[in-house]
Amino acid sequence: MANNRLDQVVSTIVEKVRDGVREEKVSYEEYRAAVGYMMKVADAGELALFIDLFLNATMCRVINENAHSKASLQDMEGPYFLDESPMLEDGKMKLMDGYENDEPLIVRGTVRDVDGAAMPGVLVDMWNATPDGKYGGIHEGVPVDHYRGKVRTDENGHFRFESTVPVPYRIKDNGPVGAMLKAMGRHSWRPAHVHIKVRHEGYRDLITQLYFAEGEYVHDDCCEGTVPQEFVFDKVIEDGKRVLETDLFIEKVSEKQAA
Ligand code: BEZ
Ligand code: FE
């Protein structure tokens with residue numbers, strides 16, 4: 001009988017893994033190979049990537065199943081969020097020149113509570129990949145303060161960012177995580193997406209992603225993402241700029257969640 005939360009969670013997960021080992025009649029060689037593999041993942045600095053690849057989408061499903069019915073759906077944060085992103089007064093992200101395929105992007109909307117009331121002063125973070133699939137401060141050649149930033153919603157709960165349209169990209173696949181995907185016969189592509197994180201005192205963080213309806217891999221994400229249909233956007237162009245416009249609904253942290 002578990003006597004605390006940590007004991008309960010770890011014991012349950014370990015027991016499920018043991019079930020898998022029994023069910024698959026895992027050999028000692030396979031067990032040793034798995035231990036060696038996990039050591040390689042750790043040595044390559046890919047533990048967060050490995051865990052996100054297999055579990056981040058499941059985490060989101062658990063959160064969504066227990067959320068208020070009006071709250072916007074959570075999606076994967078992934079390993080590339082950086083809290084030191086710049087505060088942007090005008091929502092314009094720093095971008096790099098020299099891409100042949102860069103297409104201006106406007107992401108705008110309103111943060112609301114689950115009753116629909118607009119919420120001023122809410123912190124909204126956005127980060128997205130470059131037109132060649134890299135993240136600022138993560139991949140070489142893209143400065144940390146580029147293609148990411150924060151704004152606060154105005155008195156009407158509105159927010160607005162300017163960036164460029166991201167492309168589908170492959171998660172890091174030249175190390176042990178990539179080798180595993182390849183050996184399993186799986187690809188390493190994520191659909192083009194924009195990451196959003198909404199934070200406000202007393203409210204549950206909303207971490208989600210916006211997708212482009214016409215893009216590849218939207219329903220074949222290597223991370224088995226949740227891809228909420230409400231966040232898959234048809235093509236809308238205004239003054240030559242692609243526009244994604246959405247309401248984002250956040251819910252108060254319940255006493256149960258806060259505990
Ligand atoms: C991402 O979208 O940035 C991401 C999500 C899960 C694993 C790797 C990357
Ligand atoms: Fe991403």
Side-chain angles (χ1 to χ4, degrees), residues 38 41-42 44-64 72-85 93-96 99 101-103 105 107 124-150 161 163-182 184 186-198 205-213 215-228 231-233 242 244 246 248:
M38 287 315 297
V41 170
E46 292 188 2
L47 258 183
L49 182 65
F50 180 87
I51 296 170
D52 280 344
L53 171 65
F54 291 111
L55 278 181
N56 201 333
T58 304
M59 280 304 309
C60 297
R61 289 188 179 97
V62 171
I63 294 169
N64 290 334
S72 292
L73 293 173
Q74 294 271 334
D75 198 348
M76 293 181 291
E77 177 171 282
Y80 304 143
F81 168 70
L82 296 177
D83 207 9
E84 65 261 39
S85 65
M93 290 186 185
K94 283 193 185 168
L95 306 171
M96 298 195 315
Y99 295 106
N101 61 331
D102 53 0
E103 207 186 313
L105 171 70
V107 176
V124 184
D125 249 277
M126 176 173 136
W127 66 108
N128 66 272
T130 58
D132 62 351
K134 296 177 179 160
Y135 280 93
I138 303 288
H139 296 101
E140 239 177 76
V142 191
V144 66
D145 57 351
H146 281 51
Y147 297 89
R148 57 175 79 241
K150 301 175 166 63
F161 289 99
S163 182
T164 48
V165 175
V167 291
Y169 65 80
R170 290 189 312 208
I171 62 165
K172 184 174 179 298
D173 64 358
N174 60 354
V177 167
M180 167 76 86
L181 281 172
K182 199 163 170 218
M184 290 171 76
R186 284 171 55 167
H187 69 74
S188 53
W189 287 93
R190 292 227 55 226
H193 59 275
V194 166
H195 293 271
I196 300 264
K197 183 169 189 157
V198 181
D205 290 356
L206 169 65
I207 300 160
T208 198
Q209 297 182 38
L210 313 182
Y211 298 89
F212 302 82
E216 271 186 283
Y217 304 107
V218 174
H219 299 293
D220 182 23
D221 185 349
C222 68
C223 300
E224 301 162 278
T226 43
V227 189
F231 294 141
V232 179
F233 293 87
R242 179 76 188 255
L244 310 183
T246 186
L248 298 171

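When reading the values below, keep in mind they use all heavy atoms of this one structure, side chains included, and skip hydrogens, waters and symmetry mates. One-based numbering, in listed order, for ligands and for the atoms of each.
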**Report entry** Over 12 non-hydrogen atoms of neighbours within 6.0 angstrom of NZ in K172
**Finding:** yes
Report task. Output the list of atoms in ligand 1 that are nearer than 4.0 Å to some heavy atom of L49, sorted by atom number. Result -> 8 (C)
Query - Per-atom contacts of ligand 1 with Y80, taking only distances under 4.0 Å to non-hydrogen atoms - result: 3 (O), 9 (C)
Query raised in the report: Taking just the N, O or S atoms of H193, which one is nearest to the Fe ion (ligand 2)?
Result: NE2
Query - Pair Y80-H139, ring pair (Phe, Tyr, Trp, His ring centres under 6.0 Å): steps then yes or no - result: CA-CA 10 Å; Y80 304 143; H139 296 101; 5.6 Å; yes
Requested in this report: Could you tell me the angle subtended at the Fe ion (ligand 2) by OH of Y135 and OH of Y169, rounded to 10°?
Outcome: 100°
**Report entry** Non-hydrogen atoms of D102 and M96 that approach each other most closely
**Finding:** OD2-O, 4.2 Å
Query raised in the report: Among P79, A48, G78, whose heavy atom sits nearest atom 8 (C) of ligand 1?
Result: P79
Query - Side-chain heavy-atom pair V165, P131 within 4.5 angstrom cut-off - result: no
**Report entry** Non-hydrogen side-chain atoms of C223 and M76 separated by less than 4.5 Å
**Finding:** yes
Query raised in the report: Does some non-hydrogen atom of L53 fall short of 4.0 Å from ligand 1?
Result: no
Requested in this report: Could you check atom 2 (O) of ligand 1 against the protein and tell me its nearest heavy-atom contact, residue, atom and distance included?
Outcome: R190 NH1, 2.5 Å
Report summary line: So for H195 against ligand 1, with non-hydrogen atoms under 4.0 Å, the contacting part is side chain
Requested in this report: Using a 4.5 Å cut-off on heavy atoms from C-beta on, say whether the side chain of F50 contacts that of M38.
Outcome: yes
Requested in this report: State which residue, out of V194, L244, D75, fulfils the side-chain contact (heavy atoms from CB on, under 4.5 Å) condition with Y211.
Outcome: D75
Query raised in the report: When you look for heavy atoms under 4.0 Å from ligand 1, do you find them on the side chain of Y169, its backbone, both, or neither?
Result: side chain
**Report entry** Identity and distance of the protein heavy atom lying nearest atom 7 (C) of ligand 1
**Finding:** C223 SG, 3.6 Å
Query raised in the report: Is it true that E224 and R61 have a side-chain N and a carboxylate O under 4.0 angstrom from each other?
Result: no
Query raised in the report: Can you find an N or O of H193 that's nearer than 3.5 Å to an N or O of ligand 1?
Result: yes
Query raised in the report: Would you say D52 has any N or O atom under 3.5 Å from an N or O of ligand 1, going by distance alone?
Result: no
**Report entry** Sub-4.0 Å atoms of ligand 1 with respect to non-hydrogen atoms of I171
**Finding:** 8 (C), 9 (C)
Query raised in the report: Does Y147 reach the side chain of Y135, with side-chain heavy atoms less than 4.5 Å apart?
Result: no
